[in-house]
Amino acid sequence: MKREPSLYPLSHDHHHGLVQASRLKNAGKPSSERTTKTIASEFIEFWYSDLIRHFREEEDYLLPVFLQYSSDHNVLISKTILEHIDIRRSVLQLEEDLWRNIEIHLDNLHNIGKMLESHIRFEERELFPLIEEKVPSEELESINKIITSKMVG
């Protein structure tokens, strides 16, 4: 799928998110070379180093501009934000379990992996194509400049 170049940074983040989602979904399987606790810890690191920033960039910059040009897609914007909240809630619970040294249940890791993968697929297949269709390239380029300047600075 050809992506608007201004959305490359966010799509690139999605790729890394899918790698993490796969690790979470495969936790505990014979093919997984990491322990459950290691997978959970590495995911929490990814959460703080990448995913929080990614969610904020979408919520603070991309979705408001999309709403400006396409108020008839409020349901997709709401779905995006609600999925972000669900993922946040699950990640915070996982982090608390790690912090309290409570056994990490495979079901929890698998669930977060499934939620994250589903969310990324939704954004890449439904949300981003509509944004590309509705939001002028200049606006997307402005968002890209803000996002990339924050990554550098």
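Note that the numbering runs from 1 along the sequence shown for the chain.
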Check for me, please, whether F46 and L10 land in the same ILVMFWY cluster - side-chain distances under 4.5 Å, paths through other members count. no
Worked verdict on L63 versus L127 for side chain to side chain contact (heavy atoms under 4.5 Å, CB included): CA-CA 10 Å; L63 295 178; L127 184 67; 4.1 Å; yes
Provide the closest heavy-atom pair for F66 versus V135 in the form atom of the first, atom of the second, distance. CA-CG2, 3.8 Å
Please check if I131 and I146 belong to a single hydrophobic cluster, counting links between Ile, Leu, Val, Met, Phe, Trp and Tyr side chain heavy atoms closer than 4.5 Å. yes
Are any non-hydrogen side-chain atoms of Q93 and N108 less than 4.5 angstrom apart? no
Same cluster (ILVMFWY, side-chain, under 4.5 Å), L140 and L130: yes
Salt bridge (charged side-chain N to carboxylate O under 4.0 Å, His left out) pairs touching residues 17-28, sequence neighbours excluded, are K25-E117
On a heavy-atom basis, which atom in L116 and which in G17 lie closest, and how many Å separate them? CD2-O, 3.5 Å
Quick one: closest heavy-atom pair of E4 and E132, and the distance? N-OE2, 2.5 Å
Determine, stepwise, if the pair S6 / I143 fulfils side chain to side chain contact (heavy atoms under 4.5 Å, CB included). CA-CA 8 Å; S6 298; I143 293 168; over 6 Å; no
Any chance you could measure I120, atom CD1, to L51, atom CG, to the nearest 0.5 Å? 7.0 Å
Cluster link L18 to F43, ILVMFWY, side chain under 4.5 Å: yes
Rounded distance [0.5 Å steps], CG in L76 versus CG in L67: 11.5 Å
CA sep, side-chain torsions, deciding dist, call: I147, L62, side chain to side chain contact (heavy atoms under 4.5 Å, CB included): CA-CA 10 Å; I147 289 172; L62 189 62; over 6 Å; no
For residues 100-107, please give each side-chain donor-acceptor pair under 3.5 Å, one per line with the distance, not counting sequence neighbours.
unit_1	atom_1	unit_2	atom_2	d
R100	NH1	E96	OE2	3.3
N101	OD1	K37	NZ	2.6

Applying a strict under-4.5 Å side-chain criterion to I, L, V, M, F, W and Y, I'd like to know whether I112 and I52 cluster together. yes
Donor-acceptor contacts under 3.5 Å from residues 81-90 side chains, at least two apart:
unit_1	atom_1	unit_2	atom_2	d
E83	OE1	H119	ND1	2.6
H84	ND1	E59	OE2	2.5
H84	NE2	E58	OE1	3.0
H84	NE2	H119	NE2	3.1
H84	NE2	E123	OE2	3.4
D86	OD1	R89	NH2	3.3
R88	NH1	E59	OE2	3.2
R88	NH2	E59	OE1	3.3
R88	NH2	E59	OE2	3.4
S90	OG	D86	O	3.2

Let's go through L7 and N144 carefully: what are the C-alpha distance in whole Å and the side-chain angles of both, what is the deciding distance for side chain to side chain contact (heavy atoms under 4.5 Å, CB included) to 0.1 Å, and is it a yes or a no? CA-CA 7 Å; L7 293 176; N144 182 41; over 6 Å; no
Might you point out which heavy atoms bring S70 and D72 nearest each other, and give the distance in Å? OG-OD1, 2.9 Å
Nearest heavy-atom pair of A21 and G113: which atoms, and what distance? CB-O, 3.4 Å
Can you classify the ring geometry of H16 versus H12 as parallel (below 30°), tilted (30 to 60°) or perpendicular (above 60°)? perpendicular
Indicate the atoms forming the closest heavy-atom contact of K134 with Y69, along with that distance. O-CB, 3.6 Å
Please say which of Y8, F55, F128, F122 ends up in a ring pair (Phe, Tyr, Trp, His ring centres under 6.0 Å) with H14. F128
How far does OG1 of T148 sit from CD of E57, to the nearest 0.5 angstrom? 9.0 Å
What I want to check is whether the side chains of S22 and N26 have a donor and an acceptor closer together than 3.5 Å. yes
